[in-house]
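These notes concern the structure reproduced below.
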2 protein chains.
Amino acid sequence: MPVPCDFQQNALLGLLPAEELNRLLPDLERVTLTLGQSLCESGQHMKHVYFPLDSIISLLCVMENGASTEIAVVGYEGLVGVSLFMGGETTPSRAIVQSAGQALRLKGQLLKNEFYRAGPMQRLLLRYTQALLTQMAQTAVCNRHHNVDQQLCRWLLLSIDRLPGNELIMTQELIANMLGVRREGVTESAGKLQKAGLISYNRGHIKIIDRPGLEARVCECYTVVKEEYDRLLNHNIVM
Amino acid sequence: MPVPCDFQQNALLGLLPAEELNRLLPDLERVTLTLGQSLCESGQHMKHVYFPLDSIISLLCVMENGASTEIAVVGYEGLVGVSLFMGGETTPSRAIVQSAGQALRLKGQLLKNEFYRAGPMQRLLLRYTQALLTQMAQTAVCNRHHNVDQQLCRWLLLSIDRLPGNELIMTQELIANMLGVRREGVTESAGKLQKAGLISYNRGHIKIIDRPGLEARVCECYTVVKEEYDRLLNHNIVM
DNA sequence: CCCATTATGTTCGTTAGCGTACAGATTACG
DNA sequence: CGTAATCTGTACGCTAACGAACATAATGGG
């Protein structure tokens with residue numbers, strides 16, 4: 001008897017018609033992801049795709065000298081492993097667990113089988129991939145034109161949107177890696193936000209106190225991405 | 001009697017099996033694109049998709065204040081309009097003709113019909129979209145970590161790879177818009193390249209003199225993108 | 001409880017790129 | 001041909017972010 005899976009916590013799975021969902025359900029395996037765990041190294045084949053529940057995964061572009069930048073973030077609204085059904089099998093980016101938690105995983109081949117039925121699952125995954133495209137594009141322009149203060153706000157909001165509570169476990173060092181800036185820069189920006197009473201943190205625990213305040217400071221990039229996700233994945237879709 | 005179309009100039013079309021190609025051929029319409037022409041405005045529905053032949057199209061992310069950054073470039077190796085078959089119909093980015101020339105265009109609905117046959121065309125377009133994802137991701141990290149000199153080299157190489165000759169028609173002002181930097185910054189970087197004997201230009205005409213020299217100066221981002229395109233689109237693919 | 005480890009705070013000189021302003025130089029066009 | 005428009009070159013002060021170095025503070029394992 002299969003352990004009951006709260007698949008609806010993942011928005012993509014929740015959008016699937018019952019028929020498709022029932023086909024997948026027996027093969028969805030619940031796993032616990034730990035902070036810093038790698039789900040996918042650059043150029044490596046993935047055995048599984050992951051549907052996060054309350055965990056968050058960062059997609060990072062890592063350069064030869066070790067410097068990195070987050071190009072997208074994936075939570076309950078998405079899945080990790082689009083390259084499997086897109087046909088390339090691998091990607092040059094890494095997938096790192098940014099916030100520990102649960103996810104449902106599925107063998108890559110089973111996802112591909114479902115995808116190639118060319119039914120609702122395919123259309124859903126493609127729209128999700130387009131949303132991911134938008135997030136990457138907006139990250140590129142944000143990296144170019146906005147300062148660390150704004151980017152930190154964006155990053156905090158994107159993260160907290162994908163978590164059940166209002167607290168995240170994350171050091172400034174790690175945030176700096178994600179944003180591709182210095183740790184000291186994050187310390188300074190975070191200090192401003194704390195002084196303004198928007199967040200409070202100590203040693204790897206960041207609490208969001210005044211979310212509207214953060215939204216008032218964030219650059220447009222956050223909103224653009226959020227609205228595109230809503231448009232592509234959140235409304236009544238003819239499957 | 002249809003005008004013969006040199007469709008093979010477009011690599012995507014050239015990779016299609018005869019059957020698929022013959023189905024599309026009658027509906028491919030040759031058009032001339034002029035510098036600066038917009039093929040797609042942010043959030044607007046596209047009537048057609050475009051398969052560039054010798055033209056180049058820039059995908060730009062434009063912000064509220066008018067500042068912009070190029071997030072990807074499309075030439076003979078690709079097509080403009082992935083959002084049509086990805087299901088979102090629109091995207092928040094603009095598509096601007098960066099180098100005048102010819103393209104084949106196809107009514108959006110016809111492309112979608114072909115895509116939904118779930119055959120070789122679908123698999124090809126999806127792999128192309130993944131290549132585009134990589135280009136965007138690498139652009140994001142390049143914007144973060146590399147200086148204008150390196151980015152200009154990358155931009156020049158990406159452009160010249162998509163052109164028949166070794167000359168491009170492009171002012172420094174426009175390059176600055178693409179890279180999302182000041183015009184003066186481009187003037188300075190281009191001056192260095194000219195002094196080093198790698199390029200020569202005057203008033204909107206840039207000639208590549210020493211391509212290996214450019215490759216020696218460019219950041220890894222160029223190579224990563226190029227190799228990923230080759231891997232995804234250039235080898236013997238089981239259609 | 002102590003000490004090694006890890007996280008955060010602060011400083012300081014350096015630099016790349018910005019914004020602005022303006023001066024030549026080339027082209028387009030009436 | 002001559003004037004306006006466009007393109008390119010150069011200069012200058014300013015700022016955000018960098019790199020490096022070091023201080024303080026909290027945590028956790030022996």
Has the side chain of [X] got a donor or acceptor atom that lies under 3.5 Å from a matching backbone atom of [Y]?
X	Y	result
B:Glu220	A:Glu64	yes
B:Arg144	B:Ala140	no
A:Gln130	B:Gly88	yes
A:Gln138	A:Gln135	no

Handout entry: Rounded interatomic separation in angstrom, taking CG from B:Leu152 and C1' from D:dT8
Key = 14 Å
Practice task
Check the distance between D:dG19's P and A:Asn65's CG and give it to me in whole angstrom.
Solution key: 10 Å
Exercise for the section: Check every atom of C:dA7, D:dC7, C:dA21 against the side chain of B:Thr171 and return the nucleotide holding the closest atom. Expected result: D:dC7
Exercise for the section: From the options C:dG9, C:dG19, D:dA20, select the nucleotide whose nearest atom is closest to the side chain of B:Arg182. Expected result: C:dG19
Practice task
List in numerical order all residues of residues 187-198 of chain B for which some heavy atom is under 4.0 Å away from an atom belonging to DNA chain C.
Solution key: none
Exercise for the section: Report yes or no: is there a donor-acceptor pair, N or O only, under 3.5 Å between the side chain of A:Arg183 and the base of D:dG19? Expected result: no
Handout entry: A:Tyr201 vs D:dA25: side-chain N/O to OP1/OP2 distance below 4.0 Å
Key = no
Fill in the blank from the handout: On a heavy-atom basis, the closest approach of B:Thr129 and B:Val82 is OG1-CG1, 3.9 Å
Practice task
Taking side chain to side chain donor-acceptor pair (under 3.5 Å) as the test, write out the residues that go with B:Asp149, two or more places apart.
Solution key: B:Ser189, B:Lys192
Exercise for the section: Report the residue (A:Gln172 or A:Arg144) whose heavy-atom-nearest nucleotide on DNA chain C is the more 5′ of the two. Expected result: A:Gln172
